[in-house]
S.K.: 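There's a structure below that I have some questions on.
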Amino acid sequence: MLFGTQSHSLGYFNAVFPYNVKMMKFAWDNYKLYALGKNELRPLTKNGHIGNMFGGLRGATVIDALDTLYIMELEEEFQEAKKWVEKSFDLNVNGEASLFEVNIRYVGGLLAAYYLTGEEMFKSKALELGEKLLPAFNTPTGIPRGVINLGSGMSWSWGWASAGSSILAEFGTLHLEFLHLTELSGNPVFTEKVMNIRKVLNRIEKPQGLYPNFLSPVTGNWVQHHVSIGGLGDSFYEYLIKSWLMSDKRDAEAKKMYNDALEAIEKHLVKKSAGGLTYIAEWRGGILDHKMGHLACFSGGMIALGAEHAGGEQKQQYMDLAAEITHTCHESYSRSDTKLGPEAFRFDSGTEATATRLSERYYILRPEVVESYLYMWRLTHDPKYRQWGWEVVQALEKHCRVEAGYSGIRDVYTTTPTHDNMQQSFFLAETLKYLYLLFCEDDVLSLEDWVFNTEAHPLPVNHTNFKAKASVH
């Protein structure tokens, strides 16, 4: 059942619920019409975009949308997507792929589609693709490089990454998917690769208990002392608490790493602005940069998820912190003219929760703020989180919906924004899924049974007698 007494606390929920499904159908139908098989839809020019992140793989939006279509019971659309994967999804490609992006979008999306439907085709494609990622780990430390050619297996580091280093959020965001690849294939190599990453991280000295964003895959030492809970760092922390939850709370090492990291973050990075807003600053070699990225706004939800399982006093302390950070992220939305949040916002020179730089004023349909609304709603049932979610739905419809899909905008501080002509695949995987689940009953993809990867693809908790085809409803 999707609606019960909880859902009627505010009258508009009845309207929101099918509305979210209509948004997904509109995004999908336009992608199918103008860009099927390309990675993303360009809704203004009504064509497709391929980009260079996926190494020649196609159909990122198809793979990212599969589980959302299935959960929303958009049966016909799900069948269209499934048919494309079956007939047209080609894994024999040559090109530079981001190990991280291919893992979270493609491997994660295929695994979730398999676990929701039990269809073997999704499983075999996930395993075949997983195998193609393994050569990235052939480094002196076993820390994978960030870029891999899926055809030749050659790998290298991002040109812009400091001194040939690997990035914490990239090599730290493989654990959930790789454990499932081992589970489904019976091949221990996937688990061995990610457990070795953990071993390297545990061995190395952490400045003030913090994890810098850049690590050399050759020496196993940190390169630069830049720490961020936003981009470059973010999902590493998320995967620690989620690894513990996915193991049915048996992976004590992951829990300890998460607790220690969160303690260091709270001690060194969590700050309160003059106006009383709690935020997580960035750390550059001991000097704080008082800004928070939209990407860092996932942390409210993560801290709440971890707090749920903390002891007595600590539980309340972390639930309060989670609520405060989520409130700050909501402020970054409510202080803009469009009621959508900027890519980054600052707390300096009298500014609070607003972008001060032109280059940080854009919104690209990102999900992290509504992700935290979903976790906060599920764990507190405070109706304000649904109210805030509804505000986002209205803002998306008003400012991001165009004739042929949804587009990001270049400046959230003007009510006549310019569109960026890109319907990101994560809009269908994450933003629309989290908004939908925010208005569902708690047993739809229950947090007891499912863990979301960082692209919002649900993976089952490893209850010992887990059966592949699990009920969503």
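Hydrogens, waters and symmetry mates are skipped; everything else that's a heavy atom, side chains included, is used. Everything numeric in this text was worked out from a predicted model, so none of it was measured. Count residues from 1 along the sequence.
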S.K.: Just how far is it from atom CZ of F236 to atom NE2 of H175, taken to the nearest 0.5 Å?
M.R.: 11.0 Å

S.K.: Are E253 and W244 linked by a side-chain donor-acceptor pair shorter than 3.5 Å?
M.R.: no

S.K.: Does one side chain, of E397 or Y406, offer a donor that lies under 3.5 Å from an acceptor on the other?
M.R.: yes

S.K.: Between H180 and N462, is there a side-chain donor-acceptor contact under 3.5 Å, judged purely by atom types and distance?
M.R.: no

S.K.: Strictly below 4.0 Å, N to O, side chains only: are K32 and E77 in salt-bridge contact?
M.R.: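 A salt bridge is absent here (no side-chain N lies under 4.0 Å from a carboxylate O).
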
S.K.: Quick one: NE2 on H327 to CE on M376, what's the gap to the nearest 0.5 Å?
M.R.: 12.0 Å

S.K.: Hydrogens and angles aside, do T61 and N39 bring a side-chain donor and acceptor to less than 3.5 Å of each other?
M.R.: no

S.K.: To the nearest 0.5 Å, tell me how far W450 CH2 sits from L245 CG.
M.R.: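 Taking CH2 in W450 and CG in L245, the distance rounds to 15.0 Å.
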
S.K.: Among side-chain atoms of E177 and H457, is any donor-acceptor pair under 3.5 angstrom?
M.R.: no

S.K.: Can you tell me how far the OG atom of S299 sits from the CG atom of L269, to the nearest 0.5 Å?
M.R.: 10.5 Å

S.K.: E343 pairs by salt bridge (Lys or Arg N to Asp or Glu O under 4.0 Å) with which of R361, K291, R366?
M.R.: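 The passing option is R366.
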
S.K.: Closer than 4.0 angstrom, basic N to acidic O: yes or no for D260 and K206?
M.R.: no

S.K.: Please state whether the rings of W390 and Y19 are parallel, tilted or perpendicular, taking 30° and 60° as the class boundaries.
M.R.: perpendicular

S.K.: For the residue pair F137 and F190, is the inter-centroid distance of their aromatic rings smaller than 6.0 Å?
M.R.: no

S.K.: Less than 3.5 Å apart, any donor N or O on the side chain of H399 or Y363 sitting next to an acceptor on the other?
M.R.: no

S.K.: Do E263 and K256 meet the salt-bridge criterion of a basic N to acidic O distance under 4.0 Å?
M.R.: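 Here K256 does not pair with E263 in a salt bridge, since their nearest N and O are not under 4.0 Å apart.
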
S.K.: Test the R401-F26 pair against the cation-pi criterion, namely NZ or CZ under 6.0 angstrom from the six-membered ring centroid and within 45° of the ring axis.
M.R.: yes

S.K.: Please check if any side-chain donor atom of E238 sits under 3.5 Å from a side-chain acceptor atom of T454, or the reverse.
M.R.: yes

S.K.: Whether D251 and R198 form a salt bridge (side-chain N of Lys/Arg under 4.0 Å from carboxylate O of Asp/Glu) is what I want to check.
M.R.: yes

S.K.: Check E282 with R284, please: is the shortest side-chain N to carboxylate O separation under 4.0 Å?
M.R.: yes

S.K.: Between atom OG of S243 and atom NZ of K249, what is the distance when rounded to the nearest 0.5 Å?
M.R.: 14.0 Å

S.K.: Could you verify whether a donor N or O on one side chain and an acceptor N or O on the other, from R105 and S425, lie under 3.5 Å apart?
M.R.: yes

S.K.: Return yes when atom CG of D382 has more than 12 non-hydrogen atoms of other residues, nucleotides or ligands closer than 6.0 Å, and no otherwise.
M.R.: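 For D382, atom CG is crowded (more than 12 foreign heavy atoms under 6.0 Å).
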
S.K.: Between D442 and H381, does any side-chain donor sit less than 3.5 Å from a side-chain acceptor?
M.R.: yes

S.K.: Tell me if the aromatic rings of Y434 and F439 count as close, with their centers under 6.0 Å from one another.
M.R.: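 No.
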
S.K.: To the nearest 0.5 Å, what is the distance between OG (S157) and CD1 (I143)?
M.R.: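 With rounding to 0.5 Å, OG (S157) is 11.5 Å from CD1 (I143).
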
S.K.: Between Q423 and N30, does any side-chain donor sit less than 3.5 Å from a side-chain acceptor?
M.R.: no

S.K.: Charged N to carboxylate O under 4.0 angstrom, R410 versus D420?
M.R.: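 No salt bridge links R410 with D420.
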
S.K.: Taking the six-membered ring for Trp and the full ring for Phe, Tyr or His, determine whether the centres of H225 and F214 are under 6.0 Å apart.
M.R.: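 For H225 and F214, the ring centres are not under 6.0 Å apart.
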
S.K.: Taking the six-membered ring where the residue is Trp, are the ring centres of Y333 and H294 under 6.0 Å apart?
M.R.: yes

S.K.: Are Y237 and Y258 near enough that their ring centres are under 6.0 Å apart?
M.R.: no

